[in-house]
Amino acid sequence: MRILITGATGTVGGNVIEQLKALDPNVSLRALTRDPDAALPADVELAVGDLAAPETVADAFKDVDAVHFINFAGEGYGALPDPVALVALAEAAGVHRATVLGGVATGPLEQALAASAIETTYLHPVEFMSNAAMWWAEPVKTDGAIREPFGDRLSAMVHPADIGAVAAKVLLEGGYDDESLTITGPEVLTMQEKVRVIGEAIGREIEFVELTVDEAHAKWRGEGMPEGVIAFLTEALGNTPVEGRTVSDTVERVTGRPALTFAAWASANADAFR
């Protein structure tokens, strides 16, 4: 079996590759990336192409049984300009199964896949645990404090490895055609609880300073954050949707093992905060 992973150098793509190799050491993996010098495991075939330009990815689909799709293009996460052409190329090459990261039924890629003969599963991970390192590692290292709004916000954060594990199981075995799978961690935590868990992982207390919305906006602007991102964060953090703060059983149901905890993630990534 040969599987193509798009977005292969991203957080989720890398975990999909890792989990596929763990589940089936004999699976043939091909990674699609725009970077011809991308660092990939030695036994993963590199395919250079851009989903935004379907003519560049035709060869990547050759002899492929299943595809892990991302539904955006480029660093700006823009819409794919011609998803119908992408799906046509995949179908013509004999692809019969797909997963879509963040897939929504109304999305153009998702609609094109639904209209095809390709068995498709839509993956909906909630907030990534790895975001904690992206946002908080530097302030913890420099002044031992995290300054954020919405301290009581609830989140059922998911370990990136669990997203990869669900995708890998579906790609290899199928069984979830036309299903939308919300992927969460095993617990719901507040901002303060997350800060406490990271502190326990690194062996020292971290101060949590709750900001007002106005203070958070000023902080984010000072960090050079675009206004569109500030508006998105204010809505996402201040009005987290129900699925983002409700534990689902997807990881255990699909993979047969419990979802990984934030404490496990923090322990494995403690050095990022030291």
Side-chain angles (χ1 to χ4, degrees), residues 10-12 15 72 75-77 101-104 123-163 180-251 259-270 272-274:
T11 298
V12 172
N15 275 284
F72 55 86
E75 301 296 337
Y77 300 96
L101 180 64
V104 293
L123 308 180
H124 299 281
V126 299
E127 178 186 2
F128 293 7
M129 293 179 184
S130 53
N131 286 354
M134 180 174 66
W135 290 101
W136 295 346
E138 196 57 35
V140 168
K141 287 188 289 188
T142 56
D143 63 7
I146 290 172
R147 294 172 171 82
E148 296 285 352
F150 311 117
D152 292 327
R153 179 180 75 92
L154 297 174
S155 173
M157 288 187 301
V158 61
H159 198 302
D162 282 341
I163 306 170
S180 295
L181 302 179
T182 299
I183 310 173
T184 77
E187 59 196 342
V188 177
L189 299 175
T190 65
M191 191 82 75
Q192 295 100 320
E193 288 170 332
K194 289 186 275 187
V195 172
R196 175 185 54 77
V197 168
I198 294 172
E200 291 172 352
I202 65 175
R204 63 184 175 90
E205 186 175 349
I206 301 169
E207 182 184 6
F208 176 71
V209 180
E210 184 166 4
L211 304 179
T212 66
V213 173
D214 287 343
E215 288 171 338
H217 287 181
K219 171 179 175 286
W220 293 336
R221 288 189 184 105
E223 295 168 348
M225 191 175 292
E227 291 297 320
V229 176
I230 290 173
F232 169 79
L233 284 176
T234 304
E235 177 63 25
L237 300 179
N239 297 286
T240 303
V242 172
E243 59 268 24
R245 48 188 166 87
T246 304
V247 172
S248 77
D249 68 348
T250 297
V251 174
L260 299 168
T261 65
F262 185 58
W265 179 90
S267 178
N269 293 275
F273 298 90
R274 292 190 172 116

Inset, instruction - Please report the closest heavy-atom contact between Pro125 and Gly102, naming both atoms and the distance. - result: CD-N, 4.3 Å
Inset, instruction - Report yes if the side chains of Leu154 and Thr240 come closer than 4.5 Å at any heavy-atom pair, otherwise no. - result: no
Inset, instruction - Rounded to the nearest 0.5 Å, what's the gap from NE2 on His124 to CD1 on Ile183? Could you check? - result: 9.0 Å
Legend entry - Residue pair Trp265 / Val197, side-chain heavy-atom distance below 4.5 Å: no
Inset, instruction - Please tell me if the side chains of Ile146 and Val140 come closer than 4.5 Å, counting only heavy atoms from C-beta onward. - result: yes
Legend entry - Contact summary for Pro139 and Ala145, nearest pair of heavy atoms: CB-O, 3.4 Å
Legend entry - Atom of Ala216, atom of Pro149 and distance for their closest heavy-atom approach: CB-CG, 3.6 Å
Side-chain donor-acceptor pairs of residues 218-233 under 3.5 Å, sequence neighbours excluded:
| from | atom 1 | to | atom 2 | distance (Å) |
| --- | --- | --- | --- | --- |
| Lys219 | NZ | Glu223 | OE2 | 3.1 |
| Arg221 | NE | Glu227 | OE2 | 2.7 |
| Arg221 | NH2 | Glu227 | OE1 | 3.3 |

Legend entry - Atom pair CE (Met129) and CD1 (Ile198), whose distance is rounded to the nearest 0.5 Å: 11.0 Å
Legend entry - Atom of Pro160, atom of Ser130 and distance for their closest heavy-atom approach: CG-OG, 3.5 Å
Legend entry - Any donor-acceptor pair under 3.5 Å from Asp162 side chain to Ala259 backbone: no
Inset, instruction - Indicate the atoms forming the closest heavy-atom contact of Trp136 with Lys194, along with that distance. - result: CZ3-CB, 4.1 Å
Inset, instruction - Identify the two heavy atoms, one from Leu260 and one from Pro186, that lie closest to each other, and give their separation to 0.1 Å. - result: O-CD, 3.2 Å
Legend entry - Value rounded to 0.5 Å, distance of CG in Leu189 from CD in Glu127: 9.5 Å
Inset, instruction - Supply the atom-to-atom distance Glu148 CD to Arg153 CZ, rounded to the nearest 0.5 angstrom. - result: 9.0 Å
Inset, instruction - Taking the side chain as every heavy atom from C-beta outward, state whether Thr184 and Thr250 have any pair of such atoms under 4.5 Å apart. - result: no
Inset, instruction - Calculate, to the nearest 0.5 Å, the distance between atoms CG and OG1 belonging to Leu101 and Thr11 respectively. - result: 10.5 Å
Inset, instruction - Without swapping roles, check the side chain of Glu187 against the backbone of Phe262 for a donor-acceptor pair under 3.5 Å. - result: yes
Legend entry - Interatomic distance, Thr261 atom OG1 to Met157 atom CE [nearest 0.5 angstrom]: 10.0 Å
